Amino acid sequence: MRVADIFCGAGLLSEGFLRAGFEPVLALDMDADAIKSYRRNIAEVAEVADVAKIKKGISADVLLAGPPCQGFSTLGRRDPRDKRNELSLLIPDWASSLGVSTVIVENVPQFLKSPYWKEMTGRLKKDGFVIDTWVLNSADYGVPQKRLRAFTIAVKGEMPVKPLARPRVAASSVFDTPIAVSDSMHIWPEPTGIAEKRIKRIPANGGKRDLMLGYPGLCPESWFRLGTQATDVWGRMNPSVPSNTLRCCFQNPSKGRYLHPSKNRAISLREGARIQGIPDSWEFEGSRTSVARQIGNGVPVPLAEVIADAVAKADFRSVA
């Protein structure tokens, strides 16, 4: 069961398929650090390459693709003119070149309403694929994180069955297991100045609103002009529930609820990796900013594995 992964990043989606018994035969991305991480943790099949250049002479059973989501995400500009939006239209060409009978496309839910999704799936249908879509919250599949993702499933064989939800896992699972002091990924930016003063005064499960109410001198005027907007920034994680969506900037407390539940710091890279279901055995290549981006850009590994299991149980290699 051979799988190819384009826009692969560090390979979190590939890791899920590897766990389900698939063999990675090709992985492509333009991020050199991410490719080094993929090769270090998954397989030596990853290359720094422009996905627009279709490779010939390689065959696979399943194609994975996670094209850039910035042009569709509500956290981004949602610019319909973003040139990266067009990259999703390369997927049918890759499916044809590789000869796959299953295609899994991962993106934000808003992608499903875009003209790019309509054109992409229209071309896949012309090539004989049947289409289904799943919008899944990773918190429903063993991930200690609320993260809504859309999966477009295109098959020429038996359609996989949408996986059943599982009991939710609290964020405490990330922090209860000690991390070795020698772990090179257990690092975070040391807070200084006004950032340090703010963090020390944020109570358990608290955030920006607590600072505005109790310590207005530590808050810029812009916070009060915005009122209750973006109240999750400068927030501590609540260990009793799944965390909020982990973004690439998760070590910046001004970007979300990314402060440790009890310690006066942002979560570490290793803690962020655990929130994505990445095993502690994984080591990433690149700077701290690059590693955070690789972690935040990926599909949570347990969610990827659930999808891979569903594909494996279907007769995905038979062609209708």
Side-chain angles (χ1 to χ4, degrees), residues 2-19 22-58 60 62-73 75-76 82-91 93-94 97-98 104-108 149 183-189 246-252 255 268-301 304:
R2 300 158 299 169
V3 61
D5 191 348
I6 58 175
F7 314 103
C8 65
L12 276 64
L13 189 54
S14 282
E15 171 70 10
F17 275 75
L18 183 65
R19 292 183 180 189
F22 290 80
E23 176 193 0
V25 295
L26 178 69
L28 304 177
D29 201 281
M30 289 292 287
D31 186 330
D33 286 340
I35 289 298
K36 290 177 183 176
S37 296
Y38 190 109
R39 293 173 68 89
R40 179 169 185 168
N41 296 295
I42 299 177
E44 296 285 334
V45 300
E47 304 174 22
V48 178
D50 183 355
V51 174
K53 299 175 181 178
I54 310 295
K55 283 187 173 291
K56 305 295 183 181
I58 300 174
V62 177
L63 172 63
L64 308 178
C69 66
Q70 289 88 345
F72 311 107
S73 174
L75 296 174
D82 191 325
K83 296 297 290 184
R84 291 173 294 184
N85 296 349
E86 299 176 4
L87 293 172
S88 59
L89 302 181
L90 295 168
I91 293 169
D93 296 327
W94 274 101
S97 178
L98 293 166
I104 309 293
V105 183
E106 174 269 335
N107 212 292
V108 294
R149 307 302 288 182
D183 189 329
S184 62
M185 282 184 48
H186 193 39
I187 55 174
W188 54 86
L246 199 76
R247 298 170 62 193
C248 299
C249 50
F250 67 82
Q251 289 205 308
N252 184 343
K255 299 296 185 180
S268 72
L269 292 177
R270 179 60 70 198
E271 289 161 344
R274 285 182 172 184
I275 289 171
Q276 284 280 64
I278 300 168
D280 286 358
S281 59
W282 269 47
E283 294 290 343
F284 287 80
E285 300 283 351
S287 66
R288 183 168 56 81
T289 301
S290 174
V291 172
R293 182 176 64 250
Q294 293 172 55
I295 294 170
N297 266 341
V299 176
V301 174

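Here the structure is a predicted model, which is why all the values come from computation and not from measurement.
Put simply, the side chain of R270 gets close to the backbone of D280: a donor and an acceptor are under 3.5 Å apart. For the pair Q276 (side chain) and I295 (backbone), a donor-acceptor distance under 3.5 Å is present. With hydrogens and angles disregarded, a donor-acceptor distance shorter than 3.5 Å links the side chain of Q251 to the backbone of I187. Distance alone, capped at 3.5 Å, is enough to place a donor-acceptor pair between the D29 side chain and the G9 backbone.
Between Q294 atom CD and C248 atom SG the span is 10.0 Å, to the nearest 0.5 Å. To the nearest 0.5 Å, the span separating OG on S97 from CG on L90 amounts to 12.0 Å. For the atom pair E285 CD and R40 CZ, the distance stands at 5.0 Å (nearest 0.5 Å). Residue S37 holds its OG atom at 8.0 Å from CG of D31, rounded to the nearest 0.5 Å. Residue W94 holds its CH2 atom at 8.5 Å from CG of L63, rounded to the nearest 0.5 Å. Atom-to-atom distance recorded for E271:CD and L246:CG is 11.0 Å, nearest 0.5 angstrom.
Of all heavy-atom pairs spanning A4 and L98, the tightest one is CB-CD1, 3.7 Å. Nearest heavy atom pair, residue A304 against residue L13, reads CB-CD1, 3.7 Å. Nearest heavy-atom pair, A65 versus I91, reported as atom, atom and distance to 0.1 Å: CB-CD1, 3.7 Å. Residues E106 and P67 approach most closely at O-CD, 3.7 Å, considering heavy atoms. The minimum heavy-atom distance between L89 and D93, with the atom names listed, is O-OD2, 4.1 Å. Closest approach of N41 to E283, counting heavy atoms only: ND2-O, 2.9 Å.
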Under 3.5 Å, which donor-acceptor pairs link side chains of residues 47-55 to any protein atom two or more places apart or in another chain?
residue	atom	partner	partner atom	Å
E47	OE1	K55	NZ	3.2
D50	OD1	A52	N	2.9

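Proximity of L18 to P24: side-chain heavy atoms (C-beta onward) are separated by under 4.5 Å at one or more points. By the 4.5 Å heavy-atom criterion applied to side chains, L64 and F22 are not counted as neighbours. Side chains of F7 and P68 form a contact here, defined as non-hydrogen atoms less than 4.5 Å apart. Taking the side chain as every heavy atom from C-beta outward, F17 and I42 never approach each other to under 4.5 Å. You'll find the side chain of I35 reaches within 4.5 Å of the side chain of C8, heavy atoms only. By the 4.5 Å heavy-atom criterion applied to side chains, F250 and I275 are not counted as neighbours. Residues M185 and S268 fail the side-chain proximity criterion, which asks for heavy atoms closer than 4.5 Å. At least one side-chain heavy atom of L269 sits under 4.5 Å from a side-chain heavy atom of R288.
Of the charged side-chain nitrogens involved, none lies within less than 4.0 Å of a carboxylate oxygen, so that E23 and R2 do not count as a salt-bridged pair.
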Worked verdict on L26 versus V45 for side chain to side chain contact (heavy atoms under 4.5 Å, CB included): CA-CA 5 Å; L26 178 69; V45 300; 5.6 Å; no
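For residues 32-56, no residue pair satisfies the ring-ring contact (aromatic ring centres under 6.0 Å, His included) rule, not counting sequence neighbours.
Taking the six-membered ring where tryptophan is involved, the planes of H186 and W188 are perpendicular, since the angle between them exceeds 60° and thus also 30°.
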